[in-house]
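The model shown is predicted, which means the values in this text are computed figures rather than measured ones. Each chain gets a letter, A, B and so on, in the order its sequence line appears, and its residues count up from 1.
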There are 2 protein chains.
Amino acid sequence: MSRSGADLALLLLGGFRSLVDAATAELARRGYEDVRPVHDFAMRAIAAGADSASELGRRLSVSKQAAAKTIAVLQEHGYVERDTDLLDARRKRLRVTPLGFEVLRQGEAIFDELRDQWERQIGSEELANLERHLTALVGARPIRLNAPGWIAQDLGEPV
Amino acid sequence: MSRSGADLALLLLGGFRSLVDAATAELARRGYEDVRPVHDFAMRAIAAGADSASELGRRLSVSKQAAAKTIAVLQEHGYVERDTDLLDARRKRLRVTPLGFEVLRQGEAIFDELRDQWERQIGSEELANLERHLTALVGARPIRLNAPGWIAQDLGEPV
DNA sequence: GCAAATTAGACAACAAGGTTGTCCTTGTCC
DNA sequence: GGACAAGGACAACCTTGTTGTCTAATTTGC
């Protein structure tokens with residue numbers, strides 16, 4: 001029963017949304033409401049060294065204005081802070097706060113737990129295979145999480 | 001090298017976006033510009049029997065207002081038509097036009113071609129495995145394509 | 001057979017995450 | 001020192017959603 005290409009695409013999306021919706025819901029259940037995948041993704045990039053709005057934009061393949069908006073939200077939530085750069089007066093240096101790191105840490109734990117569930121379901125070897133092949137197919141192409149609007153707005157049941 | 005759960009999610013998204021961006025770009029190259037995945041998805045549902053805005057909303061797990069907006073766009077493009085229902089004066093019956101079916105047909109062909117590429121890359125058996133496992137994991141849960149905003153706005157290279 | 005409840009659809013206001021464009025300020029380079 | 005590049009702020013707008021409210025038509029229940 002060879003599936004169609006469109007089915008394949010839907011399947012991949014379904015997998016992604018399963019994980020992400022579950023993770024977002026669980027994060028909300030733990031008290032971190034209003035954390036969306038975009039935020040997690042952005043914080044990760046900041047923590048990894050994207051310490052200015054422009055740089056963050058570049059890393060996420062998004063305009064610097066869009067990055068600035070995301071940063072504003074993260075700042076409101078207290079997940080990142082901005083202070084002026086002493087070396088370059090144009091920049092505002094970004095810093096993930098302890099609270100932000102806490103979210104990051106918990107998010108990671110949740111995702112890992114979900115991955116473990118999958119592993120138990122189809123077997124560790126098969127999951128590794130799946131990841132390996134997907135990696136080969138997607139290649140090194142940067143993944144744009146962000147497109148206008150989107151991703152995990154309504155949440156299903158908690159994990 | 002056991003990957004993290006977050007990586008897995010990103011990998012799935014990456015796969016999806018690879019396929020969809022390529023398909024959208026190729027469709028645009030063939031002259032069907034401004035066709036987005038949402039449209040394809042919606043037309044498929046209409047063709048499959050969701051012949052009113054409310055019903056379409058239900059099938060796509062989306063509010064009927066959102067469905068109505070999508071329909072309005074499809075109608076503008078000439079991909080679907082609406083005429084009044086003789087049996088129920090409240091309804092407007094939806095119909096996919098020949099042009100709409102043409103898009104559907106070409107979209108399917110493109111997706112199948114992409115799937116074939118993947119098959120050649122990792123082997124038919126492996127791809128079947130991947131699909132099988134993903135199906136098991138995602139389960140019968142309905143997949144919501146739609147979340148505010150999104151999905152394939154900017155396009156990479158044509159196929 | 002008629003009132004009450006449901007359903008279809010229209011319209012409006014708003015949210016989230018993007019986009020472009022313009023502008024000012026601060027660094028960098030020759 | 002003057003031209004250009006880069007960071008960031010602000011504004012207007014797009015797309016795809018969301019609620020909420022309203023009217024008209026159909027069903028259901030007594």
Side-chain angles (χ1 to χ4, degrees), chain A residues 13 17 20-21 24 33-42 46 50-77 80 82-94 144-155, chain B residues 13 17 20-21 24 33-42 46 50-77 80 82-94 144-155:
Chain A
L13 177 62
R17 288 200 60 115
V20 159
D21 287 359
T24 311
E33 305 198 17
D34 289 331
V35 179
R36 288 153 189 265
V38 199
H39 301 152
D40 187 273
F41 202 62
I46 294 169
D51 71 335
S52 75
S54 297
E55 179 56 26
L56 182 60
R58 261 175 251 126
R59 300 253 189 135
L60 301 182
S61 306
V62 133
S63 65
K64 61 182 178 178
Q65 292 89 334
K69 284 194 200 177
T70 304
I71 291 167
V73 175
L74 288 172
Q75 201 175 3
E76 268 173 39
H77 286 289
V80 311
R82 301 191 318 158
D83 34 31
T84 54
D85 189 324
L86 299 175
L87 301 173
D88 187 338
R90 291 171 305 179
R91 294 181 98 121
K92 301 269 174 81
R93 282 190 49 233
L94 297 173
R144 284 200 58 195
L145 212 191
N146 305 333
W150 106 282
I151 261 185
Q153 135 150 329
D154 67 307
L155 317 167
Chain B
L13 177 62
R17 288 201 59 115
V20 159
D21 287 358
T24 311
E33 305 198 17
D34 290 330
V35 179
R36 288 152 190 267
V38 199
H39 301 153
D40 186 274
F41 202 62
I46 294 168
D51 71 336
S52 73
S54 298
E55 178 56 25
L56 182 60
R58 261 174 252 124
R59 300 255 189 135
L60 301 182
S61 306
V62 133
S63 66
K64 63 181 177 178
Q65 292 89 335
K69 285 191 198 179
T70 304
I71 292 167
V73 174
L74 289 172
Q75 200 175 2
E76 268 173 41
H77 286 289
V80 311
R82 300 190 320 159
D83 34 31
T84 54
D85 189 324
L86 299 175
L87 301 173
D88 187 339
R90 293 170 305 177
R91 295 180 98 121
K92 303 269 173 80
R93 281 190 51 233
L94 298 173
R144 285 198 57 195
L145 212 192
N146 304 333
W150 106 287
I151 259 181
Q153 136 150 330
D154 67 308
L155 316 167

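Annotation: side chain to side chain contact (heavy atoms under 4.5 Å, CB included) contacts of A:Ala68 (sequence neighbours excluded): none. For B:Leu94, the side chain to side chain contact (heavy atoms under 4.5 Å, CB included) test picks out B:Ile46, B:Ile71, B:Arg82, with sequence neighbours left out. The salt bridge (Lys or Arg N to Asp or Glu O under 4.0 Å) search around A:Asp85 returns none, not counting sequence neighbours. Residues satisfying the side chain to side chain contact (heavy atoms under 4.5 Å, CB included) test with A:Arg58, not counting sequence neighbours, are A:Ser54, A:Glu55. Under the side chain to side chain contact (heavy atoms under 4.5 Å, CB included) criterion, A:Asp34 pairs with A:His77, not counting sequence neighbours.
Mapped onto DNA chain C by nearest heavy atom, A:Leu87 and A:Ala66 fall at different nucleotides, with A:Ala66 at the one closer to the 5' end. Checking A:Leu86 against A:Lys69, the closest nucleotide of DNA chain C that is more toward the 5' end is the one next to A:Lys69. In terms of position on DNA chain D, the residue among A:Ala68 and B:Val73 whose nearest nucleotide sits closer to the 5' end is A:Ala68.
Taking atom CZ of B:Arg36 as the reference point, atom P of C:dG18 lies 15 Å away to the nearest angstrom. Spacing between atom CD of A:Glu33 and atom P of C:dA16 amounts to 14 Å, rounded to whole angstrom units. B:Glu76 places its CD atom 14 Å from the C1' atom of D:dT16, with the value rounded to the nearest Å. Rounded to a whole Å, the CG atom of A:Leu60 is 8 Å from the P atom of C:dG18.
When the side-chain nitrogen and oxygen atoms of A:Arg82 are compared with OP1 and OP2 of D:dA9, one or more of them lie within a distance under 4.0 Å. Phosphate proximity of C:dT19 to A:Ser63: present, with a side-chain N or O under 4.0 Å from OP1 or OP2. Dashed line: the shortest gap from a side-chain N or O of B:Thr70 to OP1 or OP2 of D:dG17 is under 4.0 Å.
Picking from D:dG17, D:dT15, C:dG17 the nucleotide with the shortest atom distance to the side chain of A:His39 gives C:dG17. Taking every side-chain heavy atom of A:Val38 into account, C:dG17 is the closest of C:dA10, D:dT16, C:dG17.
Heavy atoms of A:Arg93 sit nowhere under 4.0 angstrom from any nucleic acid atom.
Residues A:Leu56 and A:Ala42 come closest through the heavy atom pair CD1-O, 3.9 Å. Scanning all heavy atoms of the two residues, the minimum distance from B:Arg91 to B:Ser52 falls at NH2-OG, 3.3 Å.
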Contacts under 3.5 Å, N or O only, protein and nucleotides 5-7 of chain D:
residue: D:dA6; atom: N3; partner: A:Arg90; partner atom: NH1; Å: 3.1
residue: D:dG7; atom: OP1; partner: A:Arg58; partner atom: NH2; Å: 3.2
residue: D:dG7; atom: OP2; partner: A:Arg58; partner atom: NH2; Å: 2.8

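The base of C:dG21 lies close enough to the side chain of A:Gln65 for a donor and an acceptor atom to sit less than 3.5 Å apart.
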